[in-house]
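The structure appears right after this line, and notes come after that.
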Number of protein chains: 2
Amino acid sequence: MACFRQVAVGVAAMLTALAAPVGAQSGQSGSDSEGIWITLGTAGGPVTNPRRSQPANLLRFGGKDYLVDVGDGTAGQISRVGVQSKMVDAVFISHLHFDHTGGLAALLGLRFQTSSRDPLTIYGPPGTGEMVDGLLASMVPGATANYGVAGAPPVDHRANIKVVELRGGDSVTVDGMTVTAASNTHYSFPPGSDLAQRFQALSFRFDLPGRSIVYTGDTGPSDAVVNLARNADLLVAEMMDIPLTIERMSKANPGMPEPMLKSMQTHLSEHHLSPSDVGELAHAAGVGSVVVTHFSGWEADDPRHFAYLQGIGAVYDGPFVIASDMDAF
Amino acid sequence: MACFRQVAVGVAAMLTALAAPVGAQSGQSGSDSEGIWITLGTAGGPVTNPRRSQPANLLRFGGKDYLVDVGDGTAGQISRVGVQSKMVDAVFISHLHFDHTGGLAALLGLRFQTSSRDPLTIYGPPGTGEMVDGLLASMVPGATANYGVAGAPPVDHRANIKVVELRGGDSVTVDGMTVTAASNTHYSFPPGSDLAQRFQALSFRFDLPGRSIVYTGDTGPSDAVVNLARNADLLVAEMMDIPLTIERMSKANPGMPEPMLKSMQTHLSEHHLSPSDVGELAHAAGVGSVVVTHFSGWEADDPRHFAYLQGIGAVYDGPFVIASDMDAF
């Protein structure tokens with residue numbers, strides 16, 4: 001059960017096990033068999049804040065750069081480790097909430113504008129194709145005018161952009177890694193309904209030669225995610241102070257219609273993980289370590305932050321850390 | 001003519017005239033008659049870098065928040081002065097290069113996801129409507145799934161989004177300010193050609209009750225911009241170290257086909273402003289002060305940076321500054 005000592009041990013273990021520098025700051029390529037996971041943006045969106053960028057991650061492995069979710073500002077964040085938009089080899093999108101997808105337009109546009117014609121594959125849940133089609137349509141006038149040079153040859157901005165839609169249970173091999181998707185509980189449409197057929201929120205498991213990494217995306221407690229994360233070396237989990245977020249949201253939207261407020265409350269309380277939920281997921285799956293992201297709550301300069309560490313440590317004995325932007329694991 | 005003393009005097013004058021704190025850091029609303037111009041992103045795109053965010057500006061006036069260009073990461077940058085996406089009242093887009101538009105998708109998405117149904121007007125050059133239509137189409141699956149709550153009422157994500165396309169010579173009144181557009185030389189399609197009919201790159205003049213501000217957007221030397229900027233209190237001008245940028249671009253794209261490389265060289269050398277071009281524009285228009293943005297060159301920690309100050313000061317006697325991200329004027 002929860003006690004100060006367990007938390008302290010967990011934090012100390014985390015410091016040695018997780019926070020070792022792995023070259024992110026120097027722009028080193030993740031060419032080893034373990035890969036490098038960089039938390040580009042650790043905020044729980046969609047409310048923006050100056051301390052944490054919107055949800056996005058960079059997985060570097062075998063000389064390749066993969067984005068895992070792509071919130072606002074992702075193109076700028078990857079430049080902090082020396083990666084340009086046109087160097088990204090694939091994008092994995094967990095679900096279609098705009099805090100996780102808002103940076104894709106810039107990524108596609110900046111790739112085009114820096115003359116990249118390299119292949120880019122965008123993996124995501126059902127609906128990803130329609131989203132990307134819209135983004136490519138939005139680029140037509142900009143790509144047609146291009147650099148505004150008389151007589152310049154036209155360039156096809158759609159060339160080499162490919163979408164692969166995944167559903168829970170699907171698995172793909174990408175270069176030397178196996179990526180498996182699970183449909184989680186971030187959406188709760190009635191089973192069999194039209195919306196349940198059309199939309200899924202996904203968690204991903206990345207099996208690299210030397211390490212397995214599971215990314216929850218956004219989810220509530222979910223057996224499918226426990227199964228996906230079974231014995232993974234690293235679990236990258238969302239976490240939210242749900243009562244605080246509801247309180248802040250109510251204050252920020254005093255005129256919100258009652259049905260919408262109720263819908264938001266249902267969403268936050270059923271579709272996200274509390275600190276103890278994160279601990280329970282990590283414990284049940286038997287993962288080796290936990291990185292918390294998509295953080296919404298009191299920051300570490302507030303004493304109330306400590307309760308989150310206690311909440312996780314009460315049920316999970318392994319090392320864990322609440323990540324900051326640009327941490328590398 | 002250029003001399004060290006003139007530059008030093010210019011910089012000293014700038015420090016007192018331009019860099020006075022105006023409340024940007026405290027999130028203060030620009031409710032006075034002069035407005036506040038905040039340089040959210042001062043990089044010359046599309047190459048991203050960790051020191052300067054992509055092109056974007058915030059004009060705060062009369063309790064309203066207007067974006068002027070909206071590059072990658074704009075939603076995150078405005079949060080640094082306490083502004084959320086849903087608080088933005090209008091967006092002005094100078095031209096359709098993706099470094100100036102890449103952040104619009106996130107802005108629209110985050111507005112929707114934070115339940116804003118407030119009106120937003122997007123002003124921009126011809127093609128802006130088609131671009132926004134594509135972005136709104138890309139939002140259909142995400143907006144349909146919305147928060148994934150069973151039985152939640154559908155929400156129209158297109159509601160209250162309006163586009164107004166402007167051409168050179170057009171003028172609109174927005175709240176208490178008059179905004180005038182000029183077609184500049186950032187594009188050089190042959191006059192009368194199909195592309196010249198379809199596309200324009202714009203500079204904007206904002207006439208506020210207490211101050212006039214001109215934003216060049218991206219442009220080469222242009223009589224239309226000189227006329228637009230005539231006697232303006234503040235000129236916000238792009239500036240580029242063009243030879244250095246060509247050198248960096250060639251190095252970064254060793255395999256670039258010859259016609260594309262040539263097209264890029266033509267673009268950079270004819271469609272942007274050198275330091276002396278900025279000085280000449282400011283001098284010819286008789287502006288009161290100059291803020292340089294869209295900066296591409298050596299930073300102030302390199303001695304070669306000083307040549308830019310000399311280049312401007314050689315032909316312009318007023319105060320000027322090369323802005324950083326989040327400076328307020």
Side-chain angles (χ1 to χ4, degrees), chain A residues 45-50 53-54 71-73 75-76 79-80 84-85 96-99 101-106 109-110 112-115 127 130-135 137-142 145 147-150 152-153 186-190 195 199 201 253 256 259-260 263-264 266-267 271, chain B residues 45-50 53-54 71-73 75-76 79-80 84-85 96-99 101-106 109-110 112-115 127 130-135 137-142 145 147-150 152-153 186-190 195 199 201 253 256 259-260 263-264 266-267 271:
Chain A
V47 174
T48 50
N49 78 75
S53 193
Q54 293 284 288
D72 173 63
S79 77
R80 297 172 67 181
Q84 289 291 315
S85 296
L96 301 182
H97 279 156
F98 301 108
D99 52 332
T101 63
L104 184 58
L110 296 176
F112 175 82
Q113 208 176 318
T114 50
S115 307
E130 186 177 352
M131 177 182 66
V132 173
D133 283 348
L135 294 179
S138 81
M139 291 173 65
V140 169
Y147 275 105
V149 176
H186 191 52
Y187 295 157
S188 56
F189 298 121
L195 289 170
F199 299 109
N253 298 278
M256 192 182 260
M260 195 180 282
S263 170
M264 282 305 305
T266 306
H267 166 66
H271 298 171
Chain B
V47 173
T48 50
N49 79 75
S53 193
Q54 293 284 289
D72 173 63
S79 77
R80 297 171 67 181
Q84 289 290 315
S85 295
L96 301 182
H97 279 156
F98 301 108
D99 52 333
T101 63
L104 184 58
L110 296 176
F112 175 82
Q113 208 176 318
T114 49
S115 307
E130 186 178 351
M131 176 183 68
V132 173
D133 282 349
L135 295 179
S138 81
M139 291 172 66
V140 169
Y147 275 105
V149 176
H186 191 52
Y187 295 157
S188 56
F189 298 121
L195 289 170
F199 299 109
N253 299 279
M256 191 182 261
M260 196 179 283
S263 169
M264 283 304 306
T266 306
H267 166 66
H271 299 172

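Everything numeric in this text was worked out from a predicted model, so none of it was measured. These numbers come from the heavy atoms of this one structure, side chains and all, not from hydrogens, waters or symmetry mates. Letters A, B, ... mirror the listed sequences (proteins, then strands); counts begin at 1.
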Could you give the distance from [atom1] ([X]) to [atom2] ([Y]), rounded to the nearest 0.5 Å?
X      : Y      : atom1 : atom2 : result
A:L110 : B:T101 : CG    : OG1   : 8.5 Å
A:R80  : B:T48  : CZ    : OG1   : 12.0 Å
A:D72  : B:S85  : CG    : OG    : 7.0 Å

With a 4.5 Å cut-off on heavy-atom pairs, point out which of [options] contacts chain B the most.
options                      : value
A:N253, A:T114, A:V149       : A:V149
A:S138, A:S263, A:G71, A:A75 : A:S138
A:Q84, A:H271, A:M264        : A:Q84
A:A137, A:A150, A:G103       : A:A150

**Asked** Is any side-chain heavy atom of A:F98 closer than 4.5 Å to a side-chain heavy atom of B:M139?
**Response**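 A:F98 vs B:M139: side chains touch.
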With chain A, which of [options] has the greatest number of heavy-atom pairs at distances under 4.5 Å?
options                      : result
B:L195, B:N49, B:T266        : B:N49
B:S53, B:A152, B:A106, B:G45 : B:A106
B:G73, B:G102, B:P141        : B:P141
B:G76, B:S188, B:P259        : B:S188
B:P190, B:A105, B:P46        : B:P46

**Message:** By the definition side-chain contact (heavy atoms from CB on, under 4.5 Å), identify the one residue from A:H267, A:H186, A:M260 that meets it with B:Y147.
**Reply:**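 With B:Y147 as partner, side-chain contact (heavy atoms from CB on, under 4.5 Å) holds for just one option, A:H267.
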**Message:** Less than 4.5 Å to any heavy atom of chain A: does that hold for the side chain of B:F189, its backbone, both, or neither?
**Reply:**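 Both parts, backbone and side chain.
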**Item:** Engaged part of B:E130 at the chain A interface, taking heavy atoms whose separation is under 4.5 Å
**Value:**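 Both parts, heavy atoms under 4.5 Å.
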**Request:** Check each atom of A:L135 against the heavy atoms of chain B and say whether the ones under 4.5 Å are side chain, backbone, both or neither.
**Result:**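 Interface part for A:L135: both.
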**Request:** Measure A:D133 against the heavy atoms of chain B and call it side chain, backbone, both or neither at under 4.5 Å.
**Result:**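 Interface part for A:D133: neither.
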**Request:** Of all the heavy-atom pairs spanning A:D99 and B:Q113, show the shortest one and how long it is.
**Result:**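 Nearest heavy atoms, A:D99 then B:Q113: OD1-NE2, 3.0 Å.
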